[in-house]
Peer 1: 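Before I ask anything, let me first share the structure, which is written out below as structure tokens.
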Amino acid sequence: MSETMEEILRAIGILIAFIVVLVLAYLTARFVGTKFAGYTSGKYIRVIDRIFLGRDKWVCIIQVGSQYYIVGITSQNMEFLGQISQQELIPLHSEGENGSFANLLGNYLKKLKGEANGDD
């Protein structure tokens, strides 16, 4: 075989190996994701919401039965912060309001269009 043909076969082999690695990474991520998704909720307890405050610092709302608890979590400690009722759980914004990429992109494009038209 010629030297060019060997280089082409080597490139095809590397491409196939790369695709196999991507497929395995995807399958592993899906398996691990479904495996660990059950750890945020159990039969009697569930994490309702959590917010990241800083390095290794979280505040979580946890539901146990019909009770809701606010818990502060760090890498070394977990502290009870308070208890709230279900009526006090008021969403700060709707799920699709600001979080999706499509909404963010749409808002940005509207802003750019307004600046191009001279609207401020």
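Basis for what follows: all heavy atoms, side chains included, without hydrogens, waters or symmetry-related copies. Sequence positions, counted from 1, serve as the residue numbers for this chain.
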Peer 1: Are V64 and Y44 side-chain neighbours, meaning at least one heavy-atom pair lies under 4.5 Å?
Peer 2: no

Peer 1: Start with the C-alpha gap between F31 and L27, add the side-chain angles, then the distance that decides, and say whether side chain to side chain contact (heavy atoms under 4.5 Å, CB included) holds.
Peer 2: CA-CA 6 Å; F31 173 74; L27 293 174; over 6 Å; no

Peer 1: Is it true that L24 and I16 fall in one hydrophobic cluster, defined by side-chain heavy atoms closer than 4.5 Å?
Peer 2: yes

Peer 1: Once you round to the nearest 0.5 Å, how far does CD1 of I70 lie from CZ of R50?
Peer 2: 15.5 Å

Peer 1: Would a single hydrophobic cluster contain both L81 and I51, if residues Ile, Leu, Val, Met, Phe, Trp and Tyr are joined by side-chain heavy-atom contacts under 4.5 Å?
Peer 2: yes

Peer 1: When clusters are formed by joining ILVMFWY residues with side-chain heavy atoms under 4.5 Å apart, either directly or through shared neighbours, do Y26 and V23 land in the same one?
Peer 2: yes

Peer 1: Hey, could you give me the CZ/CD1 distance between R10 and I8, rounded to the nearest 0.5 Å?
Peer 2: 11.5 Å

Peer 1: Do you know which of D49, I73, V71, L53 makes side-chain contact (heavy atoms from CB on, under 4.5 Å) with V59?
Peer 2: L53

Peer 1: According to a hydrophobic-cluster definition based on side-chain heavy atoms being under 4.5 Å apart (Ile, Leu, Val, Met, Phe, Trp, Tyr only), do M78 and F52 belong together?
Peer 2: yes

Peer 1: Is there a side-chain contact between I61 and V47 (heavy atoms, below 4.5 Å)?
Peer 2: no

Peer 1: In terms of hydrophobic clusters joined by side-chain contacts under 4.5 Å, are F80 and I45 together?
Peer 2: yes

Peer 1: Looking at CD of Q63 and CG of L89, how far apart are the two atoms once the value is rounded to the nearest 0.5 Å?
Peer 2: 8.5 Å

Peer 1: Report the C-alpha separation of Q86 and Y68 in whole Å, then their side-chain angles, then the decisive distance to 0.1 Å, and conclude whether the side chain to side chain contact (heavy atoms under 4.5 Å, CB included) test is met.
Peer 2: CA-CA 7 Å; Q86 186 173 9; Y68 295 87; 3.6 Å; yes

Peer 1: Under the 3.5 angstrom rule, does the side chain of E88 hit a backbone N or O of S85 as a donor-acceptor pair?
Peer 2: yes

